[in-house]
Protein chains: 2
Amino acid sequence: MNIGEIARRAGVSRSTVSYVLSGKRAVSEPTRQRIQAVIDELDYRPNANARALKEGRTRTLGLVIPPASQRLTDMQLGFVASVVEAAARADLDVLLSPSGGDHDRSFERIVTGRRVDGVILMEIRLEDDRVTRLRRSRLPFVTIGRTAEPAGTSWVDVDYEGLIARCVHHLADLGHRHIALVNRSAELVAAGYGPGHRALAGFAEAVTERGLTGIDLCCGDDASAGEAAMTRLLTTHPDVTAAATINEAALPGIQRALEAEGRVVPRDFSVVGVAAAHWAEDFRPPLTAADVPTLDMGAEAVALLLERIAAPTAAPRHRLYHPPISLRSSAAPAPSPLR
Amino acid sequence: MNIGEIARRAGVSRSTVSYVLSGKRAVSEPTRQRIQAVIDELDYRPNANARALKEGRTRTLGLVIPPASQRLTDMQLGFVASVVEAAARADLDVLLSPSGGDHDRSFERIVTGRRVDGVILMEIRLEDDRVTRLRRSRLPFVTIGRTAEPAGTSWVDVDYEGLIARCVHHLADLGHRHIALVNRSAELVAAGYGPGHRALAGFAEAVTERGLTGIDLCCGDDASAGEAAMTRLLTTHPDVTAAATINEAALPGIQRALEAEGRVVPRDFSVVGVAAAHWAEDFRPPLTAADVPTLDMGAEAVALLLERIAAPTAAPRHRLYHPPISLRSSAAPAPSPLR
DNA sequence: AACCTGGGTTGAATCGATTCGACAACGAGG
DNA sequence: CCTCGTTGTCGAATCGATTCAACCCAGGTT
């Protein structure tokens, strides 16, 4: 069931079949129909490897995901889903590579083996070995997130710095003077995870600008870690009346800790942050938060990558997202200190 | 940077380089070292497409996932992660295909384009077009979940029927007489989603066997659907004192509804079911539940697929999982009706 | 009638590997 | 000294497509 078989049955040469398939040269209507009939009858589709070998491109994108050991966050999952879907719309397949460290066989296979036309990286560190590795290679790539020095690469990212700053300003406007930042896990931040650092930078700057007291703490990416972190915060810093967070997975725990301490949201305590819509809406009361537009970002990453593949020498582009902060009902004026 | 380049630099023929790479023929130690040095220096790796073309196998597995539009459940995500990781351990890559319906370009590309050596399907319906399609083709495949007539295919699945039956028996032993089943969404069940039907079958049988009153209801896969379904259940069937569920995503909603109605778990109402450990442990109080072993199942699916690829004519194998029901604290004796 | 034109088709080269059969070199055995 | 067997290396065919240059032929020009 190869192209030769089709050619034989249709009584033409292999090249003619190929031209019917690609439409790159005119083929007379009668022959075209005859060939097409054979193709339809046998449900023939050209061997993807042979085609890739000759054409020099695979019609496949690589997507490097964090290794499965650590469960993917909802946000990461959103990126994967949207990248895969955007690629499918462009008739491209997606090859997955679970790669954490630098010396990863799967990652190397994808980069050097010419298995893909380009790569999308996520979970970017400020200093990222995979990015350096890809920069050295010829392979076009786009990052979701960005390194400390992103110039010269194509990327999409969320402006955590600006978003957290705006959250702080919002809380300050409401009269809060002691504000906490619930960051991602200590390991992630220590490893140079970009959003963690940028959120902290935005927090620190806004806190200083408004003359507030800011407490920042790291917190594992799950409910129980959130509960523990929040409980500790409430006892060590009882004067804190509001928190901003980029750790959506900790939200249920934060909620439980506040309930356990008898603090009613938003009357006694305000919470705002960056979180996927469904986390925000599952919070009680619904969380005032910016929603990371994973769907758009994944699609945009694919679009940027396709550009880069089409014109590898053109100047790389990027896109920084500033999603709006949806006002829901988890933030209110600070409780009066006279009581 | 192809094999010819290596051969030239090492002053040998292309075949000798190939033999060094594969070790399929003896190569004298001096030549071997000389060639290896060139390979290391240039960081050469054979072109995966050329190799696949010649060898007739791609060292790639296809994984068909539900289309991204509907967010993947935690369980599905667990399967994806474990499949990818198990494949990586075997030095295989994974090609993703988001395919819901039958006539899907991405799915067809994978099946007919010889892009993969085998396919893993998930989210299997009792009658599944994709399974029929794959059966017709030559391509080895394994399903996570099973059709109504799984004979002749390799599969892994969880014994929802047995698990739910055991949940019902457990509740009956505790004295509950009116029990509800919170199933997956109505659309899913209507579409012939296996676990939904099998859970219902197990529920019905156990309820009859123990002479209980059983109420079964469908419920969307998220917290708010769970809340709505549970609220409705509590008002329409106030005598129900326990529920079994296979809908983990609805658990937070179920919890909220019970709290809102003032029913204390497990004193006034018992909940048991099948749910990933982290859902069960986030329930208050922790949920007595069986945990679907997604990690093992994904790895086993890959193992079965590799068997099938190695020996396509051998009898297919399967594996049905009966994970233990972990006793936590969400089930207690039925409240006494005298009150 | 010879010449051109151009649409339609084909043969052959090519992509980058693998692998088989052939062959050269060399030591051992008769 | 000749033959035989081993060991190591090479040339050429092959996998299944794409694509270029060449060619054929019908129809229109001169």
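Values below: all heavy atoms of this structure, side chains included; hydrogens, waters and symmetry mates excluded. By convention in this document, chain letters (A, B, ...) are assigned in the order of the sequence lines, proteins followed by strands, and residues within each chain are numbered from 1.
Atom CZ of B/R8 and atom P of D/dG11 are 13 Å apart (whole Å). Rounded to whole angstrom, the span from the OH atom of A/Y19 across to the P atom of D/dG16 amounts to 20 Å. For the pair B/Q33 CD and D/dT9 C1', the interatomic distance rounds to 17 Å; values are reported in whole Å. The distance from atom CG of B/N2 to atom P of C/dC15 is 8 Å, rounded to the nearest whole Å. Between A/R59 atom CZ and D/dT18 atom P the separation is 9 Å, expressed in whole Å. What separates NZ of B/K24 from C1' of D/dT9 is a distance of 18 Å, to the nearest Å. Rounded to an integer number of Å, the gap from A/N49 CG to C/dA17 C1' is 12 Å. Here the P atom of nucleotide C/dT18 and the CZ atom of B/R57 are 11 Å apart, to the nearest Å.
For C/dT19, its base never sits under 3.5 Å from the side chain of B/R25 at any donor and acceptor pair. In terms of polar N and O atoms assigned as donor or acceptor, the side chain of A/R115 never comes within less than 3.5 Å of the base of C/dG16 in a complementary pairing. If you check distances only, the side chain of B/S15 does reach the base of D/dG11 with a donor-acceptor pair under 3.5 Å.
A donor-acceptor pair shorter than 3.5 Å cannot be found between the side chains of A/S18 and A/S15. Under the 3.5 Å distance criterion, with hydrogens and angles disregarded, no donor-acceptor pair is assigned to the side chains of A/S82 and A/T294. Side chains of A/D117 and A/T58: a donor-acceptor N/O pair is present below 3.5 angstrom, by distance only.
Using a 4.0 Å heavy-atom criterion, one finds that A/S18 contacts the bases of the nucleic acid, with or without backbone contacts as well. Note on B/R114: nothing from the nucleic acid sits closer than 4.0 angstrom, heavy atoms only. Residue contacts for A/S22: at a heavy-atom cut-off of 4.0 Å it reaches no nucleic acid atom on any strand shown.
Using a 4.0 Å cut-off, no side-chain N or O of B/T16 falls inside it from OP1 or OP2 of D/dG8. Side-chain nitrogen and oxygen atoms of A/Y44 include at least one within less than 4.0 Å of the OP1 or OP2 phosphate oxygen of D/dA17.
Where B/T31 and B/K54 each meet DNA chain D at their nearest nucleotide, the meeting point lying more 5' is that of B/T31. In this structure, A/R32 and A/R14 both approach DNA chain C, and ranking their closest nucleotides by distance from the 5' end singles out A/R32. Each of B/G11 and B/A50 was matched to the nucleotide of DNA chain D holding its nearest heavy atom; the match closer to the 5' end belongs to B/G11.
When the nucleotides D/dG8, C/dG8, D/dT18 are ranked by their closest atom to the side chain of A/I3, D/dT18 comes out on top.
Ion pairing between a basic and an acidic side chain is recognised when a charged N comes within 4.0 Å of a carboxylate O; B/D91 and A/R109 show such pairing. Using a cutoff of 4.0 Å between basic side-chain nitrogens and carboxylate oxygens, A/D93 and B/R115 are scored as salt-bridged. Salt bridge annotation for B/R105-B/E108: absent, with no cationic side-chain nitrogen under 4.0 angstrom from a carboxylate oxygen. A salt bridge links A/R57 with A/E55: at least one charged nitrogen is closer than 4.0 Å to a carboxylate oxygen. The pair A/R133-B/D43 meets the salt-bridge criterion, with a side-chain N (NZ, NE, NH1 or NH2) lying under 4.0 Å from an Asp/Glu carboxylate O.
Rotation axes derived from the C1' atoms of the five outermost pairs at either end of the helix from C/dA1-D/dT30 to C/dG30-D/dC1 lie 70° apart, to the nearest 10°.
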